[in-house]
There are 2 protein chains.
Amino acid sequence: MKFEPVTIKQMARDLNLGISTVSRALHDSHEISEETKKRVVAYAKKLNYIPNPIALSLREKRNKSIGIVISQFNNPFCSQVVHGMESSFYSQGYQVSIVQTDESAEKEMKAIQYLSFRVDGLLVSISSETKNIDHLKDLYEKGMPIVFYDRICADLQTHMTISDNYRGAYEATRHLLDQGCRRVAFVGGAVTQSIVQERKAGYLQALEDGGINVDPKWIHYLPKGGVHYVETEVAMDRLMRLPKNKRPDGLLTAWDKVTADAYRYLRRHDISMPGELALIGFSNFPLTDFVSPSLSVVQQQSEKLGEVAAGQLLSLLQSKRKPAKFHTEVLMPEIIIRESSSKLSSGEKEPLKVKNKD
Amino acid sequence: MKFEPVTIKQMARDLNLGISTVSRALHDSHEISEETKKRVVAYAKKLNYIPNPIALSLREKRNKSIGIVISQFNNPFCSQVVHGMESSFYSQGYQVSIVQTDESAEKEMKAIQYLSFRVDGLLVSISSETKNIDHLKDLYEKGMPIVFYDRICADLQTHMTISDNYRGAYEATRHLLDQGCRRVAFVGGAVTQSIVQERKAGYLQALEDGGINVDPKWIHYLPKGGVHYVETEVAMDRLMRLPKNKRPDGLLTAWDKVTADAYRYLRRHDISMPGELALIGFSNFPLTDFVSPSLSVVQQQSEKLGEVAAGQLLSLLQSKRKPAKFHTEVLMPEIIIRESSSKLSSGEKEPLKVKNKD
DNA sequence: TGGTTTTCCGGTAACGGTTGCGTAAATAAA
DNA sequence: TTTATTTACGCAACCGTTACCGGAAAACCA
C-alpha cells in the first residue's frame with residue numbers, strides 16, 4: 001500500500017486548466033475569474049485536496065514544525081516536560097514531532113539527522129550514552145536553532161533550561177544529615193550525564209559542609225543510566241552488603257527511575273525506611289505520596305521547564321541571526337519531605353510540604 | 001536563525017563540476033573517475049554534506065518513517081505501547097515520529113494531516129473527543145497504511161490491535177462480586193471511547209450474570225476522559241454521597257488515570273479500601289504494588305500490544321495493495337488482585353498474582 | 001478603426017536530488 | 001588514418017508547488 005495524494009497537476013488535467021491557474025485559484029488570486037475559482041475550489045474540495053507540505057518545504061525552506069529529542073518518555077518527568085513545551089508551539093501554529101533516543105547515541109544521531117531537514121528548530125535533551133556531539137555542533141553552525149533542556153552539553157553554546165540540580169541535591173543531602181544520617185550514599189544515573197554530575201556535586205558539597213568524610217563505596221553510577229531495574233539492584237546490593245559500620249544509613253537517588261527502583265528494592269528486601277535507610281530521591285513519579293512509607297522526593301518543575309525551553313526556542317526561531325548572548329534558565333526543584341526520610345519527629349507524620357498534582 | 005544545509009549544487013560550483021557528476025561520485029558510480037570521486041567525497045565529508053531527505057521524499061515518494069498518533073503519553077500505558085512499537089521499526093530502518101493529540105479532535109486532525117505526507121504509515125489511537133473520522137477514511141482510501149491500536153474506530157476497516165477490554169472488565173467485576181460486593185460502580189473515561197464502551201459492556205454482563213440489578217447512578221463517564229483530577233473527583237463525590245443503602249461497596253475504574261485519581265480520592269477522604277469500598281481498576285501505572293493498601297489492577301500487555309500493532313503496519317507497508325481481509329488482534333489483560341479489593345481472606349495478605357515489571 | 005488597458009490564463013524556472021541520454025575526448029581496434 | 005569503443009562528464013527532466021513573465025482576447029478610449 002502506498003499513499004497517493006491528489007496533486008494540483010492532476011486537478012489541472014481533469015479541469016483542462018494550467019497548473020498555475022489551479023494554484024492561483026486555490027489561493028483566491030484576483031487574476032482568476034470567479035467562475036474558474038469556483039470550479040477549481042469545488043473540485044479540490046470534492047477530491048479532498050491538500051497541498052503537499054513536502055513540496056512546500058522544499059520551496060520555502062520552512063517546515064512550520066519543531067522537533068523534540070527525548071531520551072525515553074517512559075518517564076513521567078519527560079512526558080511532563082513535553083506537555084509544557086507543546087502548548088506554546090501549538091498556539092504559534094507549529095506542529096511538534098517527538099523522537100525517542102532510548103539513551104542510545106546512535107539512535108540520537110539518526111533522530112537528529114532525521115529531524116534536521118524536517119523541522120525549523122530542535123529541543124534536545126542529550127542521551128546518556130552520547131559522548132560526541134559533532135553532528136549537533138555542525139547543525140548548529142549551519143544555523144539550526146537548538147535549545148538544550150534538562151541534560152545539557154557544555155560543548156555547545158546556546159540557550160538552555162535546566163533544574164538547579166546542584167541545590168536540589170545539596171538540600172536533599174542536607175536534609176538527610178539533619179535527620180541524623182552520617183553515612184549518606186549516592187546512586188546516580190550514567191556518569192556522563194550533566195544532571196548526574198551536578199547532583200553529585202551538590203551531594204558532595206553538603207557532606208563536606210556537614211563535616212562528613214565520603215567513602216567512595218557510597219557512590220554508584222549506573223552504566224546504562226538505570227533504565228533497567230537490575231542496574232539499580234546491583235548498586236543497592238553493593239551498598240547494603242557493606243560491613244555494618246560502613247553501610248549507609250541514608251541514600252540520595254539521582255534519577256526518577258532509580259528512585260523508584262531503589263524504593264522497590266528496599267521494600268522487596270524488607271529494609272525499613274527510614275529506620276535502616278533513609279531515602280530521598282529525584283522523582284516526578286505520580287503516587288509517591290501514597291506508597292507506604294510515603295516517599296520523600298526532589299521534584300522538578302517539569303511543565304515549567306518545558307515552557308521555558310519552548311520560549312527560548314521560539315525566540316531563536318524569530319531572531320534574524322545567531323544571538324550574541326545565550327541564557328541558561330535555572331529552575332529550583334521542590335523538596336518534598338515524607339516518611340521515607342523522616343527519622344526524627346516520627347510522631348509528626350504530616351509531610352513537610354505536599355504539592356498536589358493536577 | 002534558519003538552517004542552511006550544504007547542497008549538492010553548492011559543492012558542484014565549488015569543485016567546478018556538474019551537479020550530476022557530484023551526485024554520481026557520491027554514489028560511487030563507475031562512470032566517474034577515481035580521482036574525481038575522491039575529490040568529491042573528501043569535500044562532502046569536509047562540509048558534512050547530508051542529502052536532503054525532503055528532496056528525496058518528493059522524488060521517491062517514500063519517507064522511510066512511520067508516524068504514531070497518541071492521545072497523551074503522560075500515561076504509562078501509552079509510553080509502554082510506543083516502546084513496543086519502536087523497536088520493530090528501528091530494526092527495519094524506519095524512523096518513528098510521535099505526535100500527541102491531547103484528546104482534542106482538532107489537534108488530531110492537524111496531526112494526521114501533518115504526518116500524512118511525511119510518513120509511509122500510521123499507527124493511530126483515536127482521541128476521546130473525535131467523532132468524525134472522514135479525514136482518516138479519505139487518507140486510507142488514497143492508500144495510506146493505517147493500523148488502529150487500543151482505541152479503535154469501527155467506521156474504518158483495517159487491521160487493529162486491542163486488549164480484551166470486555167473480558168478484563170468482566171473478570172474484574174466478577175472478582176468484586178466474589179469478594180461479596182453487591183453494589184459495584186463503574187467510572188469510565190469518555191463515553192465516546194471504544195475501550196470504555198467495551199469495558200462497560202463487560203462490567204454490565206458480569207453484574208447480570210451475578211444476578212445484580214444495576215443502578216444507573218453507579219455508572220459515570222467523564223466528559224474530558226478523566227485527564228484532570230477534578231473530573232474523577234466529581235464522579236466519586238456523586239457515588240459516595242448516595243444514601244447508604246445505595247452507596248457502592250465496589251468500584252471498577254476503566255482508565256489508568258481515573259484509577260489513580262479514584263485511589264487518590266479515597267485516600268484523601270479516608271475511605272477505607274477494601275472495607276468501605278473495594279477498588280480495582282485498569283492501570284499500567286508503576287508503583288501500584290507499593291501503595292498502601294496495594295492496588296488491584298487490570299493490567300494490559302502494553303509492550304506486546306505495541307509490537308503486534310507494529311507488525312500489522314509493517315505487513316501493510318509491504319503488501320502491494322489493500323488486503324482483502326483485516327485482522328483484529330486481541331490481547332488478554334492480566335488481573336492482578338491486591339489489597340484494595342480483597343475483602344475476604346484478609347489474613348492471607350499475599351497477592352494472588354504479581355507480575356514484576358522490568 | 002486603431003491603440004491602450006484590463007482580464008484571464010499558461011509557460012517556465014526554481015527548490016535539491018537522481019537518472020536517462022547525449023557527447024566530447026581519449027583510447028583501442030582495424 | 002579511419003572507425004569503433006570506452007571513459008568521464010554535463011544537460012535536462014522529474015517529483016509538487018509557487019512566482020514571475022508573457023501573451024491572447026476582450027474591453028475601453030479616442
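Below, each value reflects all heavy atoms present in this structure, side chains not excepted, and no hydrogens, waters or symmetry copies. Residue numbers start from 1 in every chain, and the chains themselves are labelled A, B, ... in the order their sequence lines are given, proteins ahead of strands.
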With respect to the side chain of [X], which nucleotide from [options] is positioned closest?
X     : options                : value
B:S33 : D:dC9, C:dC15, D:dT17  : D:dC9
A:R59 : D:dC9, C:dG20, D:dA19  : D:dA19
B:E31 : D:dT18, C:dC9, C:dC21  : C:dC21
B:A55 : C:dG17, D:dT18, D:dC15 : C:dG17

Under 6.0 Å from the six-membered ring centre of B:Y114 and within 45° of its axis: does the NZ or CZ of A:K64 meet both?
no
May I ask you to say what [X] touches in the nucleic acid, namely base, sugar-phosphate or nothing, with a heavy-atom cut-off under 4.0 Å?
X     : value
A:Y49 : sugar-phosphate
A:T36 : sugar-phosphate
B:L17 : sugar-phosphate

State whether [X] places a side-chain N or O below 4.0 Å from either non-bridging phosphate oxygen (OP1 or OP2) of [N].
X     : N      : result
A:K37 : C:dC8  : no
B:K9  : C:dC15 : yes
B:K61 : D:dG16 : yes
B:S23 : C:dT18 : yes

[X] has an atom [atom1]; how far is it from atom [atom2] of [N], in whole Å?
X     : N      : atom1 : atom2 : value
B:H30 : D:dA8  : NE2   : C1'   : 10 Å
A:F3  : D:dC15 : CZ    : P     : 17 Å
B:L15 : D:dC9  : CG    : C1'   : 14 Å
B:N63 : D:dC15 : CG    : P     : 17 Å
A:E60 : C:dG16 : CD    : P     : 13 Å
A:N52 : D:dT17 : CG    : C1'   : 8 Å
A:Q10 : D:dC15 : CD    : C1'   : 14 Å
A:D28 : D:dA19 : CG    : P     : 14 Å

Any donor-acceptor N/O pair, A:T158 side chain to A:I146 backbone, under 3.5 Å
yes
Would the A:Y43 and A:Y49 ring centres measure less than 6.0 Å apart?
no
Using a 4.5 Å cut-off on heavy atoms from C-beta on, say whether the side chain of A:H83 contacts that of B:Q72.
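Yes, at least one pair of side-chain atoms sits under 4.5 Å.
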Would you say that A:V124 contacts A:I126 through its side chain, given a criterion of any heavy-atom pair below 4.5 Å between the two side chains?
yes
Lys/Arg-Asp/Glu bridge criterion (N-O < 4.0 Å) met for A:R39, A:E35:
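No, this pair does not count.
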Closer to the 5' end of DNA chain D via nearest nucleotide, is it B:G18 or A:I50?
B:G18
Indicate, yes or no, whether a donor-acceptor pair under 3.5 Å links the base of C:dG11 to the side chain of A:S20.
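Side chain to base: pair found, below 3.5 Å.
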Can you find a donor-acceptor N/O pair under 3.5 angstrom joining the side chain of B:R24 to the base of C:dG20?
yes
